[in-house]
Amino acid sequence: MKPAQRGISVADQKVKDAQEFDFAKIQEKWQTIWEELEPFSTSNPEDKRPHKYVLDMFPYPSGDLHMGHAEAYAFGDIVARYWRLQGFNVLHPIGWDSFGLPAENAAIERGVDPRKWTYDNIAQQKRSMKLYATSFDWDRVLHTSDPEYYKWNQWLFLKMYERGLAYRKDSWVNWCPKDQTVLANEQVEDGLCERCGTVAIKKKLTQWYFKITDYADRLLDDLNQLEGSWPAKVLTMQRNWIGRSNGADVYFRVEGQSEPITVFTTRPDTLFGATFMVVAPDSDLAAELVAGADSQTQEAFARYLTEVQKKTEIERQDAGREKTGVFLGRYAINPVNGEKVPIWSADYVLADYGHGAIMAVPAHDQRDLDFARKFGLPIRVVVDTTATVTGAITVVDESASVDFESINPETTGIALVGEGRMLNSGPLDGLSKQNAISKMIEILEKGGNGKAARAYRLRDWLISRQRYWGTPIPIIHGSNGELIPVPEDQLPIVLPESEGLDLTPRGTSPLGGAEAWVNVTNPIDGSPAKRDPDTMDTFVDSSWYFLRYLDPNDDTKAFDPAEVEKWAPVDQYVGGVEHAILHLLYARFITKALFDMGYLTFTEPFSALLNQGMVLSGGSKMSKRKGGVSFSDEVRTHGVDAIRLTLAFAGPPEDAINWEDVSPAASLKFLARAWRLSDDVTSKPGALWKDGDTSLRRHTHRFLADVPGLAESLKFNVVIARIMDLVNVTRKAIDTGPGGADPAVREAVEVVTMALSMFAPYTAEDMWQKLGYEPTVALASWRKADPTLLIEESVVCVVQVDGKLRERIEVSPLAGADALEKTALELPGVIRAVGDRKIARVIVKAPRLVNVVTE
RNA sequence: GCCCCCGUAGCCCAACCGGCAGAGGCAGACGACUUAAAAUCGUCACAGUGAGGGUUCAAAUCCCUCCGGGGGCACCA
């Protein structure tokens with residue numbers, strides 16, 4: 001609190017303000033009333049209103065809410081309140097994504113029980129949300145860390161396991177040395193653990209995976225359905241992440257071995273230019289091949305493999321780095337020309353993409369060229385990129401004869417990756433790239449040497465975590481290593497108490513140390529067995545939570561088909577762009593899997609998505625720590641409504657907000673100004689609007705007609721601008737127009753109040769009451785615009801000569817084109833501007849514009 | 001390196017299917033009220049749309065090139 005500049009006058013002022021618009025008092029008053037009324041409950045089965053499902057991404061309960069939450073929840077709440085005004089029964093639930101590392105780390109650092117830490121934070125956030133006037137249905141709250149919730153996580157796991165979508169494999173995984181747990185591919189950003197920023201390393205471990213790659217095509221293709229309803233950016237990111245490439249698989253026989261090697265290539269047209277082969281050093285294939293080589297080669301390979309495995313993901317991904325590799329002493333046979341090509345192993349080939357092996361075409365691939373030049377391997381050009389080819393075999397342009405030596409990859413070091421005419425390629429000679437690809441696939445398929453194929457960047461979703469605070473995996477390991485799913489009727493497998501457990505990250509799950517918990521009997525034969533000690537990635541929890549809200553208290557099933565039919569999919573989803581891939585991809589995947597299992601009738605969970613922009617202060621994310629303003633401070637000084645209004649008014653919702661650019665004080669001032677209008681309405685409810693001032697009514701009804709379109713296209717900033725405009729016009733009508741007793745003034749103020757209730761619920765409730773209505777304005781009905789009031793009395797018609805503005809005339813909105821043209825041509829300004837030039841034509845867009853075009 | 005989005009008053013932002021560049025706000029100037037100030041009410045000013053070219057009767061809007069900002073992908077065959 002700032003010290004009073006001039007003691008007495010400031011104190012006086014405070015008293016005066018308090019009598020006028022005291023937001024704190026209004027907040028307190030309405031919170032109590034809302035608690036009693038529960039206006040946002042959706043549990044009445046008799047409710048006949050149509051449905052909407054508006055969902056905010058649920059928060060992780062670390063500490064109190066911050067400005068980022070405030071922004072997202074403001075937008076979700078505006079949408080929910082908008083649809084309620086439009087007569088919909090709106091499901092707008094909230095819950096907590098309450099499993100996860102921070103709770104566990106707090107436990108380790110401060111000795112707090114993760115449960116207590118989590119649920120205390122939830123209680124705090126819940127209080128803040130209620131103060132923040134979010135219109136959530138508080139009867140549907142869920143916490144993913146409740147056994148009542150994670151029981152169904154375990155159920156989901158079992159369903160995935162039944163369908164072969166959950167499986168274990170021994171593989172190289174991303175490992176965070178700090179958190180001492182594995183990470184999914186999606187959780188490694190630029191080689192760093194996305195949670196703590198530690199450099200991730202690779203470990204070979206047996207882990208549980210969800211087979212998301214089975215859904216790669218559908219996850220990619222169904223994005224087309226979301227075009228226009230999801231941010232283009234998110235669609236692009238998901239497409240990139242899935243990374244589908246079309247090409248071919250080619251089978252290479254290996255000398256002295258019966259099993260052929262399969263390689264994936266996007267350029268089967270260049271097969272005649274393949275002069276060596278490369279396999280990933282950390283692949284099984286490399287190990288098999290080198291096993292058949294001499295001991296010197298084996299030693300060299302072993303040394304190389306060790307070296308490669310020491311590298312972090314960051315080092316490996318450095319594209320500029322020098323190529324390394326070893327010859328494996330083995331040869332493969334190129335199936336189209338019978339040539340013997342040496343097999344090398346190098347770490348620029350990845351074990352888990354395609355088949356972990358490539359055909360190297362150094363003349364036409366930069367990576368292969370770099371490798372060939374370093375190790376002296378042959379380079380053969382098979383595409384003449386100086387020639388242009390169109391159609392099947394027609395060479396169109398050979399005149400652009402560039403001197404071949406000037407572009408020879410062997411000397412320039414630049415691979416010829418462009419289009420061109422095939423050469424040195426037998427049956428492909430003369431063809432264009434596209435035709436050569438098709439032809440080669442045909443040849444391969446005919447000869448049984450390959451087939452058209454696709455490869456994906458997407459990898460299966462690693463879901464095991466070696467941590468305590470998560471959902472136990474419902475699998476029992478028998479003494480012979482057999483995997484036994486826990487019978488459904490034994491769910492949930494409840495997490496043991498953390499007391500007495502060592503939660504310190506040690507690379508294996510702390511649950512392994514809970515003797516009484518982990519040791520069980522084999523449900524099949526009663527022999528001693530152990531529970532799987534790992535817990536699930538918390539993204540499993542959030543991959544289906546939107547279904548659990550439909551009936552969060554049902555302990556007989558995860559979700560009810562009838563409720564799903566009624567509410568789902570989500571009509572509007574709101575959340576941060578940081579989940580563009582992770583959560584949104586997983587939720588889409590699980591939705592499709594549940595669809596295939598027959599539990600759902602739709603394949604996309606979120607029909608529309610809004611990513612709110614970030615709230616920045618001083619160029620970085622707003623946080624109290626950095627000495628900036630905090631959410632709770634801002635709420636204290638300006639009130640909830642002013643903060644909500646400020647966030648929504650700042651600009652388009654997806655744009656970032658610089659706190660320095662906005663003014664919560666101005667928002668508060670505006671709210672007081674709007675609020676004062678309701679004091680100046682002196683007519684009673686039920687006043688006959690049609691007797692009111694027509695000019696003001698035109699404004700009001702134009703507003704009623706325009707706002708729904710603006711709100712539905714999420715242009716909240718424009719909606720607020722329009723409310724401000726209507727407030728200004730109404731103020732003028734009261735002070736210098738027809739006066740506060742005019743029914744049109746009451747009509748306008750009622751409309752302002754309704755519209756304002758989306759953004760500033762407290763202020764709007766208070767206005768509604770002052771207007772003589774019972775609570776709550778949140779359940780009021782949006783009025784339909786009267787079409788007769790939407791027609792202006794007169795409009796301004798612009799008259800141009802050759803595109804230049806010459807005259808403006810007032811005309812009837814119904815004026816016809818011919819009449820307008822005639823009038824326009826007689827205007828002095830037009831006659832002057834035309835002069836003695838001839839009129840070529842006259843363009844009329846009645847009733848707004850006439851353009852006289854001269855020759 | 002490749003791909004996507006965005007550049008409009010001093011600032012944040014509007015502008016429908018191409019049709020008068022301005023809805024709203026911040027900051028500013030002036031006026032009314034006041035002994036004065038705050039609050040309130042009112043009035044006003046400010047850009048030709050990042051630059052250049054093209055299409056069109058007409059371009060902030062469509063196309064091309066460049067500049068500036070933001071984001072995504074990048075040893076994925």
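All values below come from the heavy atoms of this structure, side chains included, with hydrogens, waters and symmetry mates left out. Because the structure is a prediction, the values reported are computed rather than measured. In what follows, chains are A, B, ... by sequence order, proteins preceding strands, each numbered from 1.
- Checking G42(B) for Watson-Crick or G-U wobble geometry (two distances, each under 3.5 Å) identifies C30(B) as its partner.
- Taking 3.5 Å as the limit, the base of C57(B) and the side chain of Asn851(A) contain a donor-acceptor pair of atoms between them.
- If you check A77(B), A23(B), A15(B) against the side chain of Lys715(A), the one that comes closest is A15(B).
- Using bins of under 30°, 30° to 60° and over 60° for the plane-to-plane angle, the ring pair Trp344(A)/Phe371(A) lands in the perpendicular bin.
- Of the candidate nucleotides C73(B), A77(B), C11(B), C11(B) has the atom lying nearest to any side-chain atom of Asp661(A).
- Remark: Lys845(A) does not engage Glu821(A) in a salt bridge, criterion side-chain N to carboxylate O under 4.0 Å.
- Using a 4.0 Å heavy-atom criterion, one finds that Lys845(A) contacts the bases of the nucleic acid, with or without backbone contacts as well.
- Nucleotide A15(B) forms no Watson-Crick or G-U wobble pair with any nucleotide shown, as no partner meets the under 3.5 Å limit on both distances.
- When the P atom is compared between C62(B) and A15(B), the two are found 13 Å apart, to the nearest whole Å.
- U40(B) atom P lies 16 Å from atom CD1 of Ile734(A), rounded to whole Å.
- The side chain of Tyr348(A) lies closest to C75(B) when the candidates are C73(B), C13(B), C75(B).
- In this structure, Lys374(A) does not pair ionically with Asp370(A), as no charged nitrogen and carboxylate oxygen lie closer than 4.0 Å.
- Taking atom C1' on both nucleotides, G10(B) is separated from G70(B) by 23 Å, rounded to a whole Å.
- Backbone-only engagement by Ser245(A) is indicated by non-hydrogen atom pairs under 4.0 Å involving sugar-phosphate atoms exclusively.
- Across the protein-nucleic acid pair, Gln800(A) atom CD and U56(B) atom P stand 17 Å apart, rounded to whole Å.
- Taking 4.0 angstrom as the limit, Arg239(A) places none of its side-chain polar atoms (N or O) nearer than this to OP1 or OP2 of G72(B).
- Across every strand in view, U55(B) sits unpaired, with no contact that passes the Watson-Crick or G-U test at under 3.5 angstrom.
- Glycosidic conformation of C62(B) is anti; the angle lies outside 90° of 0.
- Taking a pair to require two hydrogen-bonding distances under 3.5 Å in either a Watson-Crick or a G-U wobble arrangement, A60(B) remains unpaired.
- With C75(B), C13(B), C26(B) as the candidates, the nucleotide lying closest to the side chain of Asp655(A) is C13(B).
- Listed pair Arg841(A) / C57(B) meets the phosphate criterion, a side-chain N or O lying under 4.0 Å from OP1 or OP2.
- Across the C1' atoms, C33(B) and A39(B) are found 11 Å apart, a figure rounded to whole Å.
- Considering only side-chain N and O atoms, Asn728(A) lies nowhere under 4.0 angstrom from the phosphate OP1 or OP2 of C41(B).
- Among the nucleotides A14(B), G19(B), C26(B), the one closest to the side chain of Val718(A) is A14(B).
- Here C26(B) presents its P atom at 15 Å from CH2 of Trp659(A), a figure rounded to the nearest Å.
- Judged by Watson-Crick or G-U wobble contacts below 3.5 Å, the nucleotide A9(B) has no partner.
- Atom CG in Asn240(A) sits roughly 13 Å away from atom P in C5(B) (whole-Å rounding).
- Under the Watson-Crick or G-U wobble criterion, with both distances below 3.5 Å, U35(B) is left unpaired in every strand shown.
- Distances shown here put every side-chain N or O of Asn658(A) at or beyond 4.0 Å from the OP1 or OP2 atom of C12(B).
- Nucleotides A21(B) and G50(B) have their P atoms positioned 16 Å apart, rounded to a whole Å.
- Among the atoms of the strands shown, none is found under 4.0 Å from any heavy atom of Ala232(A).
- Under the 3.5 Å distance criterion, with hydrogens and angles disregarded, a donor-acceptor pair is assigned to the side chains of Thr324(A) and Tyr304(A).
- Closest to the side chain of Ala721(A), out of A77(B), C41(B), G24(B), is G24(B).
- With both ends at atom C1', the span from G71(B) to G28(B) equals 35 Å, rounded to whole Å.
- Judged by the 6.0 Å distance and 45° axis criteria, Lys323(A) is positioned over the aromatic ring of Tyr348(A).
- Rounded to whole Å, the separation between the P atoms of U8(B) and G52(B) comes to 16 Å.
- Of the candidates C13(B), A77(B), G25(B), G25(B) carries the atom nearest the Phe649(A) side chain, counting heavy atoms from C-beta on.
- Using a cutoff of 4.0 Å between basic side-chain nitrogens and carboxylate oxygens, Glu792(A) and Arg698(A) are not scored as salt-bridged.
- Base orientation of G18(B): anti, the glycosidic angle falling outside 90° of 0.
- For A45(B) and G54(B), the P atoms lie 35 Å apart once the distance is rounded to whole Å.
- In this model, a donor atom of one side chain and an acceptor atom of the other lie less than 3.5 Å apart for Ser617(A) and Glu660(A).
- Salt bridge present: Asp269(A) and Arg267(A) bring a charged side-chain N and a carboxylate O closer than 4.0 Å.
- U49(B) and A60(B) are spaced 7 Å apart, taking the P atom of each and rounding to whole Å.
- Distances shorter than 4.0 Å separate some side-chain N or O of Arg673(A) from OP1 or OP2 on C41(B).
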